[in-house]
Amino acid sequence: MNILVIGSGGREHAFAWKIAQSPRVTRVFVAPGNAGTAWETGVINIVLTQIDRLIEFAQRENIAMTLVGPEAPLAAGIVDAFQKAGLRIYGPTQAAAQLESSKDFAKRFMQRHGIPTADAQTFTELAAARAYIEKHGAPVVVKADGLAAGKGVVVAQSEAEALAAVETMLKDNALGKAGSRVLIEEFLEGEEVSFIVMADGEHVLPLATSQDHKRLYDHDEGPNTGGMGAYSPAPIITPQLHAYVMRKIITPTIQGMAEDGIRFSGFLYAGLMIDKNNQPKTLEFNCRMGDPETQPIMMRLKTDFVDLLEHGINGTLDQIESEWDRRYALGVVLAAGGYPQKPHTGVRILGLNQVASQGINVNEDCALKIFHAGTTEENDEIIVSGGRVLCVTALGDSIKIAQKAAYGAAETICFEGRQMRRDIGNRGVSGANKKP
Ligand code: AMP
Ligand code: GLY
């Protein structure tokens with residue numbers, strides 16, 4: 001069968017790579033993909049992004065199923081449109097994707113269904129928002145309601161910072177419609193984890209646990225990014241905590257959506273804050289897989305991914321189990337200079353072939369894999385074309401071994417302005433993000 005993957009990041013490269021390994025698959029198309037997906041055996045990039053053109057393509061090429069990577073097409077209703085055209089696609093409908101596309105929707109949903117989350121209030125008027133901040137003080141978190149490409153959340157350490165944030169969103173309209181409604185949320189302390197499951201409207205199949213590293217610099221300093229590295233499994237999620245999260249957060253979410261008449265089918269990613277008493281609260285929902293979490297998760301997945309997707313689409317996730325490599329997988333993101341504000345693109349990437357010729361690159365049971373994100377090929381050279389450029393991902397018997405392998409390879413890849421955190425996975429090693 002032929003499969004279509006929508007997106008162009010490291011997540012989509014990992015999807016395509018994994019799907020291409022399935023004995024059931026003839027070809028994987030990625031729209032639009034990147035230089036990494038173009039290189040992959042059995043994978044073909046197609047230069048299409050518009051939903052109606054993608055539908056035409058899927059019909060013409062006899063696509064058996066489509067998998068959507070990023071949130072924007074989901075929020076735009078790609079699943080509804082494909083389903084209407086009689087095509088099989090895995091992901092939430094536009095209505096269900098509101099769990100991610102509207103933080104106000106998600107918050108009201110969680111409050112209504114008793115799902116643990118930070119207290120928050122929603123504002124559209126600047127004066128009321130200001131008064132609330134002045135009354136409650138800092139630290140406090142200001143969140144734009146809509147999708148804002150990672151720029152919608154301000155964790156304000158001072159009252160002045162919080163006031164400035166609501167002003168840019170509500171008065172200056174800096175985020176447009178996404179910021180015309182803001183949530184002011186209680187600041188939570190603790191450790192963040194990514195809890196990702198597959199859902200089919202009724203049943204839930206949890207994926208391996210993982211932890212992302214959102215800040216740009218080591219020791220969780222600097223601006224928030226899309227994610228500078230991730231590893232799986234996350235030791236902080238003990239079996240007890242896992243069961244608790246399933247019982248108190250994930251199951252009530254899938255059941256609650258069904259009760260509200262909006263069945264949720266697709267990947268559900270709960271961003272959790274675990275406090276010092278091991279109590280989780282939901283910071284956010286994403287209605288898709290995480291990037292870069294997908295890269296280490298796909299490295300560990302032993303079950304045929306196509307079988308999982310098929311059960312997801314058919315509503316039979318209760319009839320399949322997932323099997324995982326018992327090793328740790330750890331991915332280090334190499335980001336462009338200037339990322340996240342203004343990535344410097346257009347520079348050449350060197351050293352990719354070197355990694356390959358050392359024999360540590362790709363094969364089916366590889367210990368190391370370089371997933372591409374913001375890359376394109378021009379005149380036989382690989383060029384930086386986006387903020388997050390590569391994710392060097394390795395498997396190892398311990399987090400330390402995986403770290404050593406991933407960093408060993410990452411070090412040999414260079415491009416002008418390259419940014420890379422040096423402490424991906426340290427939390428899992430030490431139980432805390434200790435400075436060396
Ligand atoms: P979000 O998009 O809602 O996940 O927010 C982006 C990042 O901001 C999260 O990954 C957290 O690091 C941080 N954050 C969000 N909400 C809170 C909160 N209530 N307390 C502390 N940090 C938060
Ligand atoms: N890694 C964070 C995200 O995918 O939202």
Side-chain angles (χ1 to χ4, degrees), residues 7 9-12 14-15 68-72 74-75 97 99-107 110 116-121 136 138-157 161-162 165 175 178-179 182-196 207 209-216 220-232 234 267-275 279-298 331-333 335 340 371 373 387-388 391 393 421 424 427 433:
R11 167 183 49 211
E12 289 77 21
F15 280 159
V68 189
E71 64 276 17
L74 294 166
L99 274 185
E100 175 168 4
S101 65
S102 168
K103 290 193 189 284
D104 179 49
F105 174 93
K107 187 63 72 179
M110 286 188 272
T117 184
D119 287 336
Q121 278 204 28
H136 288 81
V140 71
V141 184
V142 178
K143 296 187 176 183
D145 173 45
L147 293 178
K151 298 195 171 79
V153 177
V154 178
V155 180
Q157 296 302 334
E161 216 183 319
L175 301 175
V182 300
L183 275 74
I184 302 180
E185 182 167 296
E186 167 199 14
F187 172 78
L188 298 178
E189 263 176 297
E191 201 175 324
E192 272 186 78
V193 289
S194 311
F195 200 102
I196 308 176
L207 298 181
T209 58
S210 60
Q211 199 166 29
D212 186 14
H213 297 66
K214 290 231 168 88
R215 302 295 196 99
L216 182 63
D220 292 332
E221 283 167 10
N224 254 323
T225 70
M228 294 297 289
Y231 68 97
S232 169
F267 295 102
L268 178 70
Y269 166 154
L272 305 178
M273 187 73 92
I274 314 292
D275 74 11
Q279 290 298 304
K281 278 191 179 168
T282 313
L283 289 179
E284 63 162 344
F285 283 123
N286 296 313
C287 58
R288 52 170 175 81
M289 281 285 278
D291 188 341
E293 291 94 325
T294 302
Q295 291 85 315
I297 288 175
M298 286 294 132
V332 175
V333 169
F371 293 110
R388 287 185 293 172
C391 181
T393 311
R421 273 180 67 157
I424 303 302
R427 264 184 200 283
N433 198 15

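In each ligand, atom 1 is the first atom listed, and ligand 1 is the first ligand listed. Predicted, not measured: the structure shown is a model, and the values here were computed from it.
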Ligand-residue contact atoms, ligand 2 with [X], heavy atoms, under 4.0 Å:
| X | value |
| --- | --- |
| Gly290 | 4 (O) |
| Gly226 | 1 (N), 2 (C) |
| Tyr269 | 1 (N), 2 (C), 3 (C), 4 (O) |
| Asn286 | 5 (O) |
| Asp212 | 1 (N), 2 (C) |
| Lys214 | 2 (C) |

Between [X] and [Y], which heavy-atom pair has the shortest distance, and what is it?
| X | Y | result |
| --- | --- | --- |
| Ala230 | Ile424 | N-CG2, 3.8 Å |
| Arg11 | Gln295 | N-NE2, 3.5 Å |
| Gly7 | Pro70 | CA-CD, 4.0 Å |
| Lys281 | Ala118 | CD-N, 4.3 Å |
| Val142 | Ala162 | CG2-O, 4.0 Å |

Hey, what do you get for [atom1] ([X]) to [atom2] ([Y]), rounding to the nearest 0.5 Å?
| X | Y | atom1 | atom2 | answer |
| --- | --- | --- | --- | --- |
| Glu12 | Phe371 | CD | CZ | 12.0 Å |
| Arg388 | Met228 | CZ | CE | 9.0 Å |
| Thr117 | Leu188 | OG1 | CG | 7.5 Å |

Check: Can you tell me if Pro292 has a non-hydrogen atom under 4.0 Å from ligand 2?
Finding: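 Contact check Pro292 vs ligand 2: positive.
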| said: If the contact criterion is a heavy-atom separation under 4.0 Å, does Gly227 count as touching ligand 2? | reply: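 Distance cut 4.0 Å: Gly227 fails for ligand 2.
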Nearest-neighbour protein heavy atom for [atom], which is reported as residue plus atom name and distance:
| atom | result |
| --- | --- |
| atom 13 (C) of ligand 1 | Val155 CG2, 3.7 Å |
| atom 8 (O) of ligand 1 | Val153 CG1, 3.5 Å |
| atom 21 (C) of ligand 1 | Leu188 O, 3.2 Å |
| atom 11 (C) of ligand 1 | Glu192 OE2, 3.1 Å |
| atom 7 (C) of ligand 1 | Asn224 ND2, 3.8 Å |
| atom 5 (O) of ligand 2 | Arg288 NH2, 2.8 Å |
| atom 17 (C) of ligand 1 | Leu283 CD2, 3.5 Å |

Against Cys287, only a single residue in Leu74, Val68, Leu268 fulfils side-chain contact (heavy atoms from CB on, under 4.5 Å); can you say which?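 Testing Cys287 for a side-chain contact (heavy atoms from CB on, under 4.5 Å) against Leu74, Val68, Leu268 leaves exactly one candidate, Leu74.
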**Request:** From the options Glu186, Lys103, Lys143, select the one whose nearest heavy atom is closest to atom 19 (N) of ligand 1.
**Result:**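 Comparing heavy atoms across Glu186, Lys103, Lys143, the nearest one to atom 19 (N) of ligand 1 lies in Glu186.
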Exercise. Within a distance under 4.0 Å of any heavy atom of Lys214, pick out the atoms of ligand 1 and give their elements.
Key: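 Answer, ordered by atom number: 10 (O).
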task = Report, in ascending order of atom number, the atoms of ligand 1 lying under 4.0 Å from any heavy atom of Phe187.
result =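 So the atoms of ligand 1 that pass are 20 (N), 21 (C).
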| Distance-only N or O hit between ligand 2 and Arg11, under 3.5 Å |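 Not met; the criterion fails.
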(message) Between ligand 2 and Glu284, is the shortest N or O to N or O distance under 3.5 Å?
(response)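 Between Glu284 and ligand 2 (N or O atoms, distance only) the closest approach is not under 3.5 Å.
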Practice problem: Can you spot which of Lys214, Lys107, Lys143 makes a salt bridge (charged side-chain N to carboxylate O under 4.0 Å, His left out) with Glu284? | Solution: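 Exactly one candidate clears the test, Lys214.
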Is the ring pair Phe15/Phe267 parallel, tilted or perpendicular, if the boundaries are 30 and 60 degrees?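 The rings of Phe15 and Phe267 lie parallel, inter-plane angle below 30°.
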Report the C-alpha distance between Asp220 and Arg421 in whole Å, list the side-chain angles of each, state the deciding distance to 0.1 Å, and finish with yes or no for salt bridge (Lys or Arg N to Asp or Glu O under 4.0 Å).
CA-CA 9 Å; Asp220 292 332; Arg421 273 180 67 157; 3.0 Å; yes
